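Computed from a predicted structure; not experimentally measured.
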Amino acid sequence: MSAPIWRIAVAPQPRNMLSLQMQNTPTSTPRKNLTPAQGEEAVILYETGVMNGAVIARHFGVERNVVYRHLKAAGAVNGRLVHKHIDKLNAEIDARRLAQSIEMNADNDRRLDGFIRSAEDLHKFMKALVQADRDGTLAAFVCPKLAR
């Protein structure tokens, strides 16, 4: 007698997740070298500290040793150019602070102008009040209904 039908129809399952992952990974092999443009970009990424060699290799689809060989030939030092990023970020922060300071000064100037106008108006009122007192028309100045 032959095997039951249900055993024939079921496909064999992988024993663990590793074998499942191995089945789903592409079989393409990484390239052997970096293009000149990629090499320059790899040096910049490495020296600025943005990526390490393994991440650069993954980014360009090459082996790590290819990237490290290229970096060594170029004399790249990890993090050599970090100070340039720090200087750039500090300059951006300073520019933002300067813009905020200018904006705050403009607001303060507008407020000060309002206070000066109010003080000038108060000064005119007081001057008119003193003049009305000298002229003897203070009551009419304060309450026009009393002057009638």
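- In the hydrophobic cluster analysis, where Ile, Leu, Val, Met, Phe, Trp and Tyr join through side-chain heavy atoms closer than 4.5 angstrom, Leu122 is grouped together with Leu129.
- Across all non-hydrogen atoms, the minimal contact from Ala42 to Leu34 is CB-CD1, 4.3 Å.
- Scanning both residues, Tyr68 and Ala54, for their nearest heavy atoms gives OH-N, 3.6 Å.
- Following chains of ILVMFWY side-chain contacts shorter than 4.5 Å, one can reach Ile56 starting from Val50, so the two form part of one hydrophobic cluster.
- With rounding to the nearest 0.5 Å, the separation of CG in Asp113 from CG in Asn108 is 11.0 Å.
- One distance of note links CD of Glu120 with CZ of Phe115; it measures 14.0 Å at 0.5 Å rounding.
- To the nearest 0.5 Å, atoms CD (Glu63) and CG (Asn33) are separated by 11.5 Å.
- The two residues His70 and Glu40 make their nearest non-hydrogen contact at NE2-N, 4.3 Å.
- Taking the side chain as every heavy atom from C-beta outward, Arg58 and Met51 never approach each other to under 4.5 Å.
- Annotation: the span from Asp87 atom CG to Asp94 atom CG amounts to 10.5 Å, rounded to 0.5 Å.
- Heavy-atom minimum distance, Glu47 versus Gly75: OE2-O, 4.1 Å.
- Scanning all heavy atoms of the two residues, the minimum distance from Asn52 to Val55 falls at OD1-N, 2.9 Å.
- Taking CG from Asp109 and CD1 from Ile102, the interatomic distance works out to 11.5 Å, rounded to the nearest 0.5 Å.
- If you take CG on Leu98 and CD1 on Ile93, they are separated by 13.5 Å, rounding to the nearest 0.5 Å.
- A donor-acceptor distance shorter than 3.5 angstrom exists from the side chain of Ser118 to the backbone of Gly114, with no hydrogens or angles considered.
- Contacts of Gln38 classified as side chain to side chain donor-acceptor pair (under 3.5 Å), with partners at least two apart in sequence or in another chain: Arg31, Thr35.
- Val67 and Ile44 fall into different hydrophobic clusters, where Ile, Leu, Val, Met, Phe, Trp and Tyr side chains are chained together by heavy-atom contacts under 4.5 Å.
- Side-chain heavy atoms closer than 4.5 Å link hydrophobic residues (I, L, V, M, F, W, Y) into clusters, and following such links, even through other members, never connects Val77 to Tyr46.
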